[in-house]
Amino acid sequence: MSAFPVCVCSDLYETKVNLEIPFNARPTMPELTQKIKDFFDYEANTMKPPTAVSRTFQISRMQVYNDELGKWDDLHRTEQLAPNSQVYCFQPHIVDTQADLPRVRQPKHPGGAGGQQSYAPAASPAYQQYPPSTSYQPLPSQQPQQHASALRGLKERPHVDLEEKVRIVFGELDTNAKQFLDYGDLERGFKSRALNFAVNTIGELFHKADENRDGRIMFDEWISWCNIYPNTLDAMYYRGKDTGEEAEIRKKIKQIQDMKEADHLAHDLMNDLLQRSATPGQLGNGVMSLNRYLGPAAQALHADPSRDVRPDIQRAIEDLSTEAANRERQLPELDNQLRAAQERRQTLENQEMNLLEQEIRLERQRDAMRAQQAKYSEAEQLFNSKANETGSPRRAIRTQH
């Protein structure tokens, strides 16, 4: 049995593999990295599907599970490791399968002890299976004034009730319908919305939400977190969705594109009708059947059944071509308007990011004030307790007088 085993998990051919990698003592970072590559290369060769392309195991980033804080930290130095620490390796250009970590097993590499009974360390919450939460509590209908959104610059955003935003964002982050969020869910949610918080800030936000320190954010904890960071919730809900201005422009573009397709069809039908009609009477019957496309020609034919409608059809084709050209000229301008709207949104989102940082700093200051207040209260209680036991010097002086 090794003196310093490290549990390492990564994806191999869309399957998560969690191996116990042995070390005689705490390894250095180069030793840790090289041994992980050797063991996972060997493991990959033993489980490679026949049709899969062979690839060398590479590491782009590693994280270690922090048992004390119940979250994943980026692994930069081996002092962060303890025996049986859980490490996760991210590979370049490999999309990780979204699934719980499997039980740790011995590696098949000759340097391991393959074939032994697999196990799961009981100390780390990363492996504990919790039943889904059913404690969905409604959000209060009235929020304190200090929690009102301050994003005055994003007025294009449609109004959505706070309770709905809380529910929808939680569901979007909980991609596997676990009914709770882990650190990875929150981290991916920020990154997918271009909320580029620093790693320590993400850890701070997760720690703030995980009130009972079990490594999971249940829905009732999520509600409390959203009350603390309402602007961050707004950003997570609205980012990736069109503003009202963008939606209106896209609607106009779609209407024009739909009309272009209809105009092309009508143009082809009328040309075909002209070419295939042998007599004016045959053409007249065709026009009657296309009344919805050639209303003026059909009305003229009703008034004079013997009318030759070829000039009417020709004029309809010319009118249709003119209208299509007008619409075609509108599209570049609408595209320019859409790009300008997107640039305005990007500017506002940059301003929004600054506001979110301020919101987080404000909560840090509140936490510091609460901690300082607790210290003052403790000191006051200690002083009063000692004064009651020994008597106050001031009271003693007054008694002598």
Side-chain angles (χ1 to χ4, degrees), residues 95 151 153-161 163-165 167-169 171-172 175 177 192-194 234-349:
V95 178
L151 304 180
L154 292 173
K155 295 180 179 179
E156 301 94 340
R157 289 175 170 176
H159 172 74
V160 178
D161 289 339
E163 292 87 344
E164 185 175 356
K165 286 186 286 191
R167 177 182 57 80
I168 289 176
V169 174
E172 290 175 349
T175 53
S192 66
R193 291 162 172 81
D234 276 356
M236 298 183 78
Y237 177 82
Y238 287 110
R239 288 203 176 192
K241 298 180 175 67
D242 279 344
T243 63
E245 180 186 16
E246 291 170 318
E248 187 63 29
I249 295 172
R250 289 188 195 278
K251 181 180 178 182
K252 291 179 180 178
I253 291 174
K254 187 177 186 307
Q255 288 173 345
I256 289 178
Q257 290 172 339
D258 289 345
M259 286 301 299
K260 282 177 61 179
E261 293 176 3
D263 289 347
H264 285 313
L265 177 60
H267 189 279
D268 291 343
L269 286 172
M270 287 187 286
N271 270 327
D272 188 58
L273 187 62
L274 278 172
Q275 295 171 7
R276 296 176 60 181
S277 299
T279 65
Q282 191 178 31
L283 180 60
N285 290 332
V287 169
M288 292 294 292
S289 66
L290 292 173
N291 181 52
R292 64 178 297 186
Y293 301 103
L294 299 171
Q299 292 173 4
L301 196 59
H302 276 297
D304 181 6
S306 62
R307 178 187 177 91
D308 184 357
V309 293
R310 291 176 189 270
D312 299 293
I313 295 176
Q314 190 60 47
R315 281 194 300 271
I317 292 175
E318 292 170 358
D319 291 343
L320 189 150
S321 298
T322 301
E323 292 177 6
N326 290 337
R327 280 191 288 269
E328 194 70 30
R329 284 192 292 271
Q330 292 178 37
L331 281 175
E333 178 60 28
L334 288 171
D335 286 337
N336 291 335
Q337 291 179 19
L338 181 59
R339 281 193 294 271
Q342 291 170 334
E343 290 173 359
R344 286 193 290 274
R345 179 176 66 167
Q346 183 62 49
T347 300
L348 293 172
E349 287 186 351

Distance check, rounded to the nearest 0.5 Å: [X] atom [atom1] versus [Y] atom [atom2]?
X    : Y    : atom1 : atom2 : answer
E248 : I253 : CD    : CD1   : 11.0 Å
N336 : L331 : CG    : CG    : 11.0 Å
Q337 : K252 : CD    : NZ    : 6.5 Å
I317 : D268 : CD1   : CG    : 10.0 Å
K254 : Q257 : NZ    : CD    : 8.5 Å
I256 : R329 : CD1   : CZ    : 11.5 Å

Side chains of [X] and [Y]: does their closest heavy-atom pair fall under 4.5 Å?
X    : Y    : value
E172 : Y237 : no
K260 : E328 : yes
E349 : R345 : yes

Handout entry: Expected output: side-chain R310 to main-chain L283 donor-acceptor under 3.5 Å
Key =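 Checked: no pair found.
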Exercise for the section: With sequence neighbours excluded, tell me which residues meet side-chain hydrogen bond (donor to acceptor under 3.5 Å, both in side chains) with N271. Expected result: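 Applying side-chain hydrogen bond (donor to acceptor under 3.5 Å, both in side chains) to N271 gives H267.
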Practice task
For T279, enumerate each residue passing the side-chain hydrogen bond (donor to acceptor under 3.5 Å, both in side chains) test, keeping only those at least two apart in sequence or located in another chain.
Solution key: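 Checked T279 against side-chain hydrogen bond (donor to acceptor under 3.5 Å, both in side chains); zero matches.
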Problem - Check against side-chain contact (heavy atoms from CB on, under 4.5 Å), R276 and Q282 - result: CA-CA 9 Å; R276 296 176 60 181; Q282 191 178 31; over 6 Å; no
Problem - Carboxylate-amine/guanidinium contact D335 R339, below 4.0 Å - result: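 Judged by the 4.0 Å cut-off on N to carboxylate O distance, D335 and R339 do not form a salt bridge.
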Completion exercise
Here the pair of heavy atoms bringing M236 nearest to R193 is O-NE, 2.6 Å
Practice task
Evaluate side-chain contact (heavy atoms from CB on, under 4.5 Å) for Q342 paired with Q346, printing each intermediate quantity in order.
Solution key: CA-CA 6 Å; Q342 291 170 334; Q346 183 62 49; over 6 Å; no
